[in-house]
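Scroll down for the structure; my scribbles are underneath it.
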Amino acid sequence: GAGVSQSPRYKVAKRGQDVALRCDPISGHVSLFWYQQALGQGPEFLTYFQNEAQLDKSGLPSDRFFAERPEGSVSTLKIQRTQQEDSAVYLCASSGGPGVSVYNSPLHFGNGTRLTVT
Amino acid sequence: SQQGEEDPQALSIQEGENATMNCSYKTSINNLQWYRQNSGRGLVHLILIRSNEREKHSGRLRVTLDTSKKSSSLLITASRAADTASYFCASGNTPLVFGKGTRLSVIA
């Protein structure tokens, strides 16, 4: 596809359930980022991959959050034992095509997954 | 924590007027980027200004950067109803760190 694709678009989970959110980045993009956006706020960084390597996971709020990108393309963000405070929009972005510096490359965002924990 | 802070938090103008949004950031940067977000959608990249640049134009957008004051501004000229959105600045280190945004409403 032409852009970053995220699924599902909406997810309702009961407190305590596990969820998995998927991100399909733009083909060939080296870098992949996950952000969490609360209502009325800016995106907050969660974690970052360069190819399959997770280079920074300092933004993950707890050990209930886990992300992977095993083959350097599709990524999954997993949240175990969801809590109400996990309710937010989870945004995925990719950047850095062939020959492009990842340090000066704009991010291409998907439309996000809106997670509601009841 | 968020690196940048946009000002104002909300702005309402008439169609045809200019809209100015400001951004302050905390640490040194390689570049600064501005993004737009329509309701219920992801962010869309608007413009990138490098740390050695002072001003940049793209269509109806004009961005300035003052590294001595750690601030940037985004000017949208001749605004249209379709410009209604939230606008975010982001510091150009990896990972990008976003501010809280300015919610712009352009009234037709």
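Quick note on labels: first sequence line is chain A, next is B, and so on, each numbered from 1. Only this structure's heavy atoms are used, side chains among them; waters, hydrogens and symmetry mates stay out.
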Could you check whether atom [atom1] of [X] has more than 12 heavy atoms from other residues, nucleotides or ligands sitting under 6.0 Å from it?
X       : atom1 : answer
B:Arg60 : CZ    : yes
B:Glu55 : CD    : yes
B:Arg54 : CZ    : yes
A:Lys57 : NZ    : no

Inset, instruction - Report yes or no: does B:Tyr35 contribute a side-chain atom to a donor-acceptor pair with the main-chain N or O of A:Leu107 at less than 3.5 Å? - result: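 Indeed, once roles are kept as given, a pair shorter than 3.5 Å links the two residues.
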Legend entry - Interatomic spacing from CD in B:Gln33 to OG in A:Ser105 - rounded to 0.5 Å: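 Reported to 0.5 Å precision, the distance equals 8.0 Å.
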Legend entry - Euclidean distance, B:Leu43 CG relative to A:Tyr35 OH, rounded to 0.5 Å: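 The OH atom of A:Tyr35 sits 9.5 Å away from the CG atom of B:Leu43.
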Legend entry - Contact class of A:Gln37 relative to chain B, heavy atoms under 4.5 angstrom: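 The answer is the side chain of A:Gln37.
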Legend entry - Atom group of B:Gln9 that falls short of 4.5 Å from chain A, counting heavy atoms: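 Looking at B:Gln9, nothing touches chain A.
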Legend entry - chain B interface, residue from A:Val89, A:Asn111, A:Leu91, A:Val4 that has the most non-hydrogen pairs under 4.5 Å: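 Sorted descending by pairs with chain B, the first entry is A:Asn111.
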Legend entry - Co-membership, hydrophobic cluster, residues A:Tyr48 and A:Leu60, 4.5 Å side-chain: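 Different clusters.
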